[in-house]
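Read the structure below first, then the notes.
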Number of protein chains: 2
Amino acid sequence: MSEMTNSYDINEFKNPIFTVDSVLFTVKDDALKVLMVKRANEPFIGNWGLPGGFVDVDSDTTTDGTALRKLEEKTSVAPQYLEQLQVFSGNARDPRGFSVTLVYFALIPAQEVSSHIDTVDDVQWIDIKNINSLSIAFDHKVIIDQAKERLQQKALYSMVPVYCLPEYFTVGQLKSVIETIIGKTIQRKSLIRRIESTDMFETIDEKVKSGGRLAQQYKVKAGVDIVNFERNLSS
Amino acid sequence: MSEMTNSYDINEFKNPIFTVDSVLFTVKDDALKVLMVKRANEPFIGNWGLPGGFVDVDSDTTTDGTALRKLEEKTSVAPQYLEQLQVFSGNARDPRGFSVTLVYFALIPAQEVSSHIDTVDDVQWIDIKNINSLSIAFDHKVIIDQAKERLQQKALYSMVPVYCLPEYFTVGQLKSVIETIIGKTIQRKSLIRRIESTDMFETIDEKVKSGGRLAQQYKVKAGVDIVNFERNLSS
DNA sequence: AGAATAGTGTCTGTCAGACACTATAGA
DNA sequence: TCTATAGTGTCTGACAGACACTATTCT
């Protein structure tokens, strides 16, 4: 029966190890990057791992809180977008026994964290293309791959990539971020059609220079939800 | 740092309570139904709850195994389709403290379980429309609602609803199941186009009577993955 | 003027919706 | 023949892809 046994003991032996980790993405220098942390403890000491840790049942009200708290410890700011990716579990993925990791998938504009990250050397943006050449803790390589796939899918039918951009952004910037995420080019026209067909954005009066004609700036309207389109972009 | 503290103690005080629950759907008598279990223990004794329970770290290799094991205890068979829905967590959703529930979302043909279920009275298919008039344990009402939403979404861009049907099925049966799930009618023609455009199905030589002209039967090809379409049906 | 980027106009292609039409079984 | 369900033919509509064209800014 759900969530109970007859005499539940909170210290019951052989509970799974439960942790919360996050795959925080950003787009920087035209590359998709993940925030990784150099592990200071066993197991996998010295390897790169995802930021995360245990729930603090006294201060966290939900696991979302745990994810945010752990991310803020590493970046000093909260991501603009956070959603659950998936749980990864098993009796073989952690040498200490059966473990369960709830993985979140998050987005943030690069410049919101860069200044903080530059001052430490155990937290770093890793280019997704270099993951395979590094020593990665646990099954975090697989996890990152799953997260990347999800992000790429979402970029085809939603506007989530805007959360990799600063408050004000141009069509050109959004196009570039989307293209970096999905790894192929898209039609500028299609993007504009989508921007105009949703009610997610408002235009900013002041335009901005971009090497050519001044570009219209947009921002996400306050309090709007992400719109999902009923059709994918070229996939 | 992910998945460890300096001196991790598996019996550390104040770990969250971790359970695995499943929302098992079927379509029966033209209604979408969920498998619910009458709780025999506190908390919420006597209320209806989702089938689930604790991980058995000795026999389960992953949480998928936990979900399947718990479902088989109630139905005596394995569902045809199983995927993670979401984690629900918080310090307020269980009177015993911070709890984490990994919820799976599963599909099964009604006739595969009905004979077994009819012999017990603490396990039952509940019509989704009657959920609000029952006493439901924990936040399981909210969970079921989320699961229903996900199922409805999936029915618009994938063929998952076939997993509510027996091995051999007709277009008419599939159409009816989809319509029950999403709560509106769809075009028979659109469904046939989708069936023919994917490589998921094979036709069965023997046709079957259905009140009119004999109907072509289909089955899911062995070992195929679910196809996701790039467009939704009318939503 | 020429390069660079922003933005529009508009045609095509794909696929879902609509719905009339044909096919075939049983009463 | 009448009704019920299966299955086809085909037109329309929505929206993404393609790409030429115009607009504006800087050098």
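All chains are named by letter (A, B, ...) in the order of the sequence lines, taking the proteins before the strands, and each is independently numbered beginning at 1.
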Could you go step by step and tell me if Leu191(A) and Met159(A) meet the side-chain contact (heavy atoms from CB on, under 4.5 Å) rule? CA-CA 10 Å; Leu191(A) 182 56; Met159(A) 286 294 190; 4.3 Å; yes

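- When heavy atoms are screened at a 4.0 angstrom cut-off, Arg194(B) is found touching the sugar-phosphate backbone but no base atom.
- Annotation: salt bridge (charged side-chain N to carboxylate O under 4.0 Å, His left out) contacts involving residues 197-214 of chain B, sequence neighbours excluded, comprise Asp199(B)-Lys221(B).
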Would you list the protein and nucleotides 2-4 of chain C atom pairs, both N or O, that sit under 3.5 Å from each other?
none

Between Trp48(A) and Val37(A), does a side-chain contact (heavy atoms from CB on, under 4.5 Å) hold up when you go through it step by step? CA-CA 5 Å; Trp48(A) 293 98; Val37(A) 178; 5.5 Å; no

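- The shortest distance between the side-chain N/O atoms of Ser234(A) and the OP1/OP2 oxygens of dA16(D) is not below 4.0 Å.
- The distance between atom CD of Gln217(A) and atom P of dA6(C), rounded to the nearest whole Å, is 12 Å.
- For DNA chain C, none of the residues of residues 169-177 of chain B falls under the heavy-atom distance limit of 4.0 Å.
- Rounded to whole angstrom, the span from the CZ atom of Arg188(B) across to the P atom of dG7(D) amounts to 6 Å.
- Following rounding to the nearest Å, Asn232(A) (CG) and dC15(C) (P) show an atom-to-atom distance of 12 Å.
- Put simply, CD1 on Ile195(B) is 12 Å from P on dA16(C), counting in whole angstrom units.
- The structure places CD1 of Ile186(B) at 5.5 Å from CD of Glu179(B), a figure rounded to the nearest 0.5 Å.
- Using a 3.5 Å distance cut-off with no hydrogens or angles, the side chains of Thr62(B) and Ser89(A) do not pair a donor with an acceptor.
- Salt bridge status for Lys70(B) with Glu73(B): present, with a side-chain N to carboxylate O gap under 4.0 Å.
- Interatomic distance, CZ of Phe18(A) versus CG of Leu102(A), reported as 5.0 Å (0.5 Å rounding).
- Remark: C1' of dA6(C) and NZ of Lys209(A) are 16 Å apart, rounded to the nearest angstrom.
- The NZ atom of Lys207(B) sits 13 Å away from the C1' atom of dT5(D) (whole-angstrom rounding).
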Under a 4.0 Å heavy-atom criterion, the protein footprint on nucleotides 9-14 of chain C, written with B, S and -, is BB--BB

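- Among dA25(C), dA16(C), dG7(C), the nucleotide with an atom closest to any side-chain atom of Leu233(B) is dA16(C).
- To the nearest angstrom, C1' of dT8(C) lies 14 Å from CD of Gln216(A).
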Check the pair Gln152(B), Ile181(B) against side-chain contact (heavy atoms from CB on, under 4.5 Å), reporting the backbone distance first and the verdict last. CA-CA 6 Å; Gln152(B) 290 181 331; Ile181(B) 289 171; 4.2 Å; yes

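- Taking atom CD1 on Ile192(B) and atom C1' on dT5(D), their separation rounds to 12 Å, with Å as the unit.
- For Phe88(A), the ring-ring contact (aromatic ring centres under 6.0 Å, His included) test picks out no residue, with sequence neighbours left out.
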Any chance you could lay out the side-chain contact (heavy atoms from CB on, under 4.5 Å) test for Ile136(B) and Met36(B), step after step, and finish with the verdict? CA-CA 9 Å; Ile136(B) 307 291; Met36(B) 305 278 310; 4.0 Å; yes

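- Between the CZ atom in Phe169(B) and the CZ atom in Phe201(B) there is a gap of 4.5 Å [rounded to 0.5 Å].
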May I have the list of side-chain donor-acceptor pairs in residues 141-151 of chain A shorter than 3.5 Å, sequence neighbours left out?
unit_1, atom_1, unit_2, atom_2, d
Gln146(A), NE2, Gln86(A), OE1, 3.0
Arg150(A), NE, Glu83(A), OE2, 3.1
Arg150(A), NH1, Leu85(A), O, 3.4
Arg150(A), NH2, Glu83(A), OE2, 3.2
Arg150(A), NH2, Gln84(A), O, 2.8
Arg150(A), NH2, Leu85(A), O, 3.4

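- The side chain of Gln187(A) places no N or O atom within less than 4.0 Å of a non-bridging phosphate oxygen (OP1 or OP2) of dA16(D).
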